[in-house]
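Throughout, a chain's letter reflects where its sequence line sits, starting with A, and its residues are numbered from 1.
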Amino acid sequence: MARYQVTVVSGDPSRTAAEVAADVGAEVIRKMRVADGVTALATDEQIDALTAAGATVHRHRDLAEGRAERLADVGEGDRYAEALRRLAGR
Amino acid sequence: MPYLNVVEVESALQVVAGTHPEFTELVTLPHRTWENRVCRAVRVASDLATARPTVVLFSGVHAREWGGPDILVSFLERLTAAAAAGTGISLPGYTVSAADVERITTGLDVVVFPQANPDGRAHSMHPDGDELWRTNRRPLPVGGVDVNRNYDWLWDFRRHFDPRALARGEVSVSDVRGQDTYHGPGPFSEPETRNVAWLLDRHPTARFLADVHSFSELILHPWGDDDNQSTEPAQNFRNPAFDRRRGLLAQNGHPDARRYGEYLDPTHRRHLVEIGERVRDAVASVNGRRYTVQQGAQLYGTSGTSDDWAFARHVLDPARPVVYPYTIEFGRERPEGVAASFHPPYAEMARIIDEVVAGLLEMSLAGLDRLAAEQLP
C-alpha cells in the first residue's frame, strides 16, 4: 500500500492539524515543522478521509521514492566476521 | 561504508570486547526481544572490579533512526582503540588527549548499548519491511509499542495530562494500538524498555545518560511533559493535585499554560545546561553544525520517555544520585523528505557520526568535571 509524505492543514479552526491527522490514523511527524499544519505519513485512503473531513492535504512524495538507494546503503553479511573468526582462533 | 545491519552491531560489540578483555566487559541483557533476539552492551572501565560513576549510552530505540547504533559502535571502537594504544582521539576539529582518554577510562564506567530495539531495526532495514517503522515488533493483537513512551514516568498520560493538550495532538503519545507512539499495555511492558532499566539498576552509580535519536539537531534534557519552572516545587509530576493540568505549553499559546510548570531544581537545571552546552560545542567543532540545547517539552510534549524516567529516579528516591540525562537528536531535516532525513546517505552519516562521537566524548569529560566539582568543599 503506497504511503505519502503530506502536509495536513485543518479545515476546522477549532481542531488542530495534528488532531485531524491522528483521527484518520495518519502518522504525524512532529519533528518537521510546517506553517499552519503538520507533516504526516498517510495512505491514499487516509488522504481521502482527511479531505472528506475538510482538511487540506498537500501530497509531497511517495515514501517509496529513493527507497532502493537508501536500502542499498545498509550493510550485507557481516563485516566483522573475519575479526570474530580471528578472535575465536586465538 | 554502509549502515551497520543488526547482526553487524552485535558482532561489533563482540569484537570490541574480545579484543580488549582487560578493560571491557560484554554484558548480555536479561530480556530477549519479542523476536527472541539477545541484546548486548559493552562496559568500558580500566578496573572492571570496581564500580565508578557511570555513563550510560544507548540508541536504536526507534527502529527507523538508523544512524544511532553506528554512532555508538564508532564511539566504542574509537574509545577502546585509544585506551589500548595509550593515544588520544582525533576527529576533524575536535581532539581528546591521551591523558583525557585515560581520565575517562579510569574515572568512569562507560556502558554502551547501541541497539536497544533490534527487531524494529531489522524490519526497517529489510527489503520487504517498512523503512519508516518506529516501534518494536511486539506481535498482534497488541502490536508495536513505542519503546520511548513505555517507561514508568507519567505513563498513564490520560490521568496526568490536560485533556485539551491531548485532544489537540500536542503530546506525542497514544493509547491506541497501531499508532506510532503507542505507549504499550503497561509501563515497562516491553523487553526493550526493561533492558534499559536493568542497565541503570545494574549500575546504581549511573550519573550521565544519553539516548541517541534522530533527527532535528537537538540536545534535549528534562522535562518533557510541560514547561520547566524553578519557583513552585509543589508543581511536580508526583503531585496528584495537578493531574489533568499538565501539557499545556506556552509555545502553543494556551491561555492556561501557566497553570502548571514542571519543577526543576535550579542547580540541576544549571548542570543540565552546562553539560548540554559542552556537548553542543564539541558537536559544532567537527562540522559546524550547531545543535540546540533545550528541554524536551520544547520539541513537543511527551510521557514515558527514558530521559525523564532516569532523571525522576533521584526525585523519587533522593538516596539515588542524580542522573543527568539527554536525548540527542542527531542530523538535520533534509529537503528530500522524511525518509532521507531519517536515512541520510552514508557519506553524510559518516560526518554525523564524527560530530556526535565528539559530543559524547565531551559529555564524558564534562561528567568528570561535574563529579570533581561535587567533591569540592
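The two atoms that bring A:Ala18 and B:Gly169 nearest to each other are CB-O, 3.8 Å, heavy atoms only. Shortest non-hydrogen contact noted between A:Arg33 and B:Glu333 is N-OE1, 4.2 Å. The two residues A:Glu76 and B:Glu8 come nearest to each other via the heavy atoms O-OE2, 4.1 Å. Minimum interatomic distance between A:Leu41 and B:Arg64 (heavy atoms only, all atoms of both residues): CD1-NH1, 4.5 Å.
One finds the CZ atom of B:Arg168 at 10.5 Å from the CZ atom of A:Arg15 (value rounded to the nearest 0.5 Å). Rounding to the nearest 0.5 Å gives a distance of 5.5 Å between CD of B:Gln14 and CG of A:Leu84. The CZ atom of A:Arg79 sits 7.0 Å away from atom CG of B:Asn5, with the distance rounded to the nearest 0.5 Å. Here the CG atom belonging to B:Leu132 is positioned 9.0 Å from the CZ atom belonging to A:Arg67, to the nearest 0.5 angstrom.
Within the 4.5 angstrom heavy-atom criterion, only side-chain atoms of A:Leu87, from C-beta onward, approach chain B. Proximity to chain B (any heavy atom under 4.5 Å) is restricted, for A:Arg3, to the side chain, taken from C-beta onward. In this structure, chain B has a heavy atom under 4.5 Å from the side chain of A:Gln5, while its backbone stays farther away. The contact between A:Ile29 and chain B is made entirely by side chain atoms (from C-beta outward), counting heavy-atom distances below 4.5 Å.
Annotation: maximal heavy-atom pairing with chain B below 4.5 Å, among A:Ala83, A:Ala81, A:Ala17, A:Gly77, occurs at A:Gly77. The candidate from B:Pro344, B:Pro127, B:Pro345, B:Ala340 with the greatest count of non-hydrogen atom pairs under 4.5 Å with chain A is B:Pro127. Contact tally against chain B (heavy-atom pairs below 4.5 Å) for A:Arg61, A:Lys31, A:Arg86: the top residue is A:Lys31. Among B:Ser124, B:Ser216, B:Ser172, the residue making the largest number of heavy-atom pairs under 4.5 Å with chain A is B:Ser172. The candidate with the highest count of non-hydrogen atom pairs below 4.5 Å against chain A, out of B:Glu336, B:Arg134, B:Gln179, B:Met349, is B:Glu336.
By the neighbour-count criterion of 12 heavy atoms within 6.0 Å, atom CD of A:Glu45 is sparsely surrounded, having that number or fewer from other residues, nucleotides or ligands.
Within the 4.5 Å cutoff, the side chain of B:Ser11 has heavy atoms near those of the A:Asp78 side chain. Side-chain contact check for B:Ser341 versus A:Met32: some heavy-atom pair is nearer than 4.5 Å. The shortest side-chain heavy-atom distance between B:Leu299 and A:Arg30 does not fall under the 4.5 Å cut-off.
Between the side chain of A:Asp73 and the main chain of B:Tyr346, a donor-acceptor pair closer than 3.5 Å is present.
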Walk me through whether A:Arg70 and B:Glu131 qualify under salt bridge (charged side-chain N to carboxylate O under 4.0 Å, His left out).
CA-CA 9 Å; A:Arg70 291 189 295 274; B:Glu131 183 191 0; 2.5 Å; yes
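Of the listed residues (B:Val16, B:Val73, B:Val7), just one forms a side chain to side chain contact (heavy atoms under 4.5 Å, CB included) with A:Tyr80, and that residue is B:Val73.
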